[in-house]
Amino acid sequence: MNYQQFAGLYDRLMEDAPYDMWVSFFRNAIDRYGINNTLDVLDVGCGTGEISVRLGLEGYHVQGIDLSEEMLAVARKKAENHDLEIPFFQQDMRELEGFSNLDAAIIFCDSLNYLPTIEDVKVTFERIAHTLKDDGLFMFDVHSLYKIEEVFGNETFTLNEEEISYIWECHQGAKAGSIHHDLSFFVQEKESVYNRYDESHYQITYPMDTYVHLLKDAGFEVCSITSDFSDREPDEQTERLFFIAKKIQKG
């Protein structure tokens, strides 16, 4: 499947994704840790712009980056439909440039887990720090090791609806904390005619302490680590870790 086809399917497959909960997490973090009104926000790995648009509608000055130009085309159309002027740029988060003095940056929807190496995560954190003003906030979520190893494991998930179906097979990767997702989509193009599209993804995550060390090395103070869209501390069955970090003031 090419990215244009997948971009067209993405929003249909993510209709039930808890985007409003990510926005609430962001808003609550700003209320708790922000030092001003926090208006300038960078949405890293913004995809089709669902969170960017929601933040824009709440009055934040949002910019977004993503690796897929096809995803960004969908995001631009959404912003236009809501009469929002949100600049979207095609960039790799590991090579983030052209932004500075921002109030906040986010990497939501486990986008960080698509970086294939720990060095990539390290470089991304450093790039994020470079874009933020002192005391700027960085928020992200990642899959926990429990989710990768126990929930995804070597499981198969299916969806069977009238217009779209999929078979989603998960296979443990060679590295600890890694998973391969192999997906086959069957999409109705016209009555009784379905096209098949295949897509493969690789994700990897690390122990919570590893993220903490990488954040500190990049110049961040870790403000909080919570569990699954809640205020609870992570436990052995946490599926999604949420981090809030603040850029340390220089000198």
Side-chain angles (χ1 to χ4, degrees), residues 1-27 30 38-100 102-115 124 127-128 131 139-141 159 161-166 168 181 183-191 193-201 203:
M1 179 189 297
N2 63 44
Y3 277 110
Q4 185 172 6
Q5 292 166 326
F6 187 61
L9 293 174
Y10 185 83
D11 283 339
R12 294 171 65 182
L13 295 169
M14 296 290 285
E15 285 178 347
D16 296 327
Y19 292 116
D20 288 337
M21 296 178 72
W22 273 295
V23 172
S24 294
F25 174 81
F26 174 85
R27 190 191 309 113
I30 294 304
T38 310
L39 295 178
D40 295 312
V41 184
L42 181 63
D43 186 0
V44 179
C46 63
T48 61
E50 281 292 324
I51 292 175
S52 297
V53 167
R54 282 169 167 78
L55 292 176
L57 290 171
E58 294 201 6
Y60 296 101
H61 300 160
V62 187
Q63 301 179 80
I65 72 155
D66 199 87
L67 195 59
S68 167
E69 183 58 45
E70 288 75 22
M71 291 282 199
L72 293 174
V74 177
R76 293 185 186 106
K77 184 63 176 177
K78 286 180 185 176
E80 180 183 334
N81 289 342
H82 286 87
D83 295 321
L84 294 171
E85 295 184 6
I86 301 178
F88 290 106
F89 306 95
Q90 184 182 22
Q91 283 197 30
D92 187 322
M93 67 178 75
R94 295 166 294 187
E95 301 172 359
L96 183 64
E97 61 181 1
F99 304 94
S100 63
L102 299 176
D103 296 298
I106 59 176
I107 308 179
F108 286 156
C109 308
D110 54 82
S111 295
L112 198 70
N113 291 130
Y114 285 93
L115 297 179
T124 298
R127 294 281 187 173
I128 294 290
T131 71
M139 303 168 222
F140 65 93
D141 65 82
L159 174 73
E161 296 183 352
E162 184 175 348
E163 295 183 353
I164 185 170
S165 301
Y166 67 68
W168 169 12
H181 305 284
L183 300 103
S184 295
F185 301 92
F186 304 89
V187 182
Q188 186 178 35
E189 304 296 340
K190 54 184 178 180
E191 187 176 357
V193 177
Y194 288 78
N195 284 344
R196 172 175 172 166
Y197 305 104
D198 295 304
E199 183 81 7
S200 294
H201 295 272
Q203 289 187 304

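- The shortest non-hydrogen separation linking Glu95 to Gln91 is O-OE1, 3.7 Å.
- Nearest approach of Leu39 to Gly59, heavy atoms of both residues: CD2-O, 4.1 Å.
- For Ile128 against Ala105, the heavy-atom pair with the smallest separation is CG2-CB, 4.0 Å.
- Cys46 approaches Leu72 most closely through the heavy-atom pair SG-CD2, 3.6 Å.
- In this structure, the salt bridge (Lys or Arg N to Asp or Glu O under 4.0 Å) partners of Glu69, at least two apart in sequence or on a different chain, are Arg76.
- Checked against side chain to side chain contact (heavy atoms under 4.5 Å, CB included), Asp20 has the following partners two or more places apart in sequence or in another chain: Arg54.
- Among residues two or more places apart in sequence or in another chain, the side chain to side chain donor-acceptor pair (under 3.5 Å) test is passed with Ser52 by Asp43.
- A 4.5 Å side-chain heavy-atom check between Ile65 and Gln63 finds every atom pair outside the cut-off.
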Pair Phe26-Phe108, ring-ring contact (aromatic ring centres under 6.0 Å, His included): steps then yes or no = CA-CA 10 Å; Phe26 174 85; Phe108 286 156; 7.1 Å; no
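- Residues Glu97 and Arg127 are not paired through a salt bridge, judged by the lack of any N-O separation under 4.0 Å between the basic side chain and the carboxylate.
- Shortest non-hydrogen contact noted between Val62 and Gly56 is CG2-N, 3.8 Å.
- For the ring pair (Phe, Tyr, Trp, His ring centres under 6.0 Å) test, residues two or more places apart in sequence or in another chain that qualify with Tyr114 are His201.
- A donor-acceptor pair under 3.5 Å is absent between the side-chain atoms of Asp40 and the main chain of Leu102, judged by distance alone.
- Proximity of Leu115 to Arg94: side-chain heavy atoms (C-beta onward) are separated by under 4.5 Å at one or more points.
- Ser100 is linked by a side chain to side chain donor-acceptor pair (under 3.5 Å) to nothing, counting only residues two or more places apart in sequence or in another chain.
- Contacts of Glu189 classified as side chain to side chain contact (heavy atoms under 4.5 Å, CB included), with partners at least two apart in sequence or in another chain: Val187, Asn195, Tyr197.
- Within the 4.5 Å cutoff, side-chain heavy atoms of Cys109 are placed close to those of Ile51.
- Side-chain contact of Gln203 with Asp110: a donor-acceptor pair under 3.5 Å is present, judged by distance alone.
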Worked check of side chain to side chain contact (heavy atoms under 4.5 Å, CB included) between Ile107 and Thr124 | CA-CA 10 Å; Ile107 308 179; Thr124 298; 4.1 Å; yes
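- Counting only residues at least two apart or on different chains, the ring-ring contact (aromatic ring centres under 6.0 Å, His included) pairs with a member in residues 66-94 are Phe89-Phe99.
- In this structure, Asp103 and Val41 have side chains that are not in contact, with every pair of non-hydrogen atoms separated by 4.5 Å or more.
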Report the C-alpha separation of Leu84 and Leu57 in whole Å, then their side-chain angles, then the decisive distance to 0.1 Å, and conclude whether the side chain to side chain contact (heavy atoms under 4.5 Å, CB included) test is met.
-> CA-CA 8 Å; Leu84 294 171; Leu57 290 171; 3.9 Å; yes
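- When all heavy atoms of Gly47 and Ala75 are compared, the closest pair comes out as O-CB, 3.9 Å.
- Taking the side chain to side chain contact (heavy atoms under 4.5 Å, CB included) definition, one finds that Arg196 meets it with Ser184, Phe186, Asp198, sequence neighbours left out.
- Contacts of Glu163 classified as salt bridge (Lys or Arg N to Asp or Glu O under 4.0 Å), with partners at least two apart in sequence or in another chain: Arg12.
- Under the 4.5 Å side-chain criterion, counting only non-hydrogen atoms from C-beta, Phe185 is in contact with Leu183.
- Remark: the backbone N or O of Val53 is not paired with any side-chain donor or acceptor of Lys78 at under 3.5 angstrom.
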Leu55 and His61: CA distance, side-chain angles, deciding distance, side chain to side chain contact (heavy atoms under 4.5 Å, CB included) verdict = CA-CA 8 Å; Leu55 292 176; His61 300 160; over 6 Å; no
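- A distance of 8.0 Å separates CD1 of Ile106 from CG of Leu42, quoted to the nearest 0.5 Å.
- For Glu58, the side chain to side chain donor-acceptor pair (under 3.5 Å) test picks out Arg27, with sequence neighbours left out.
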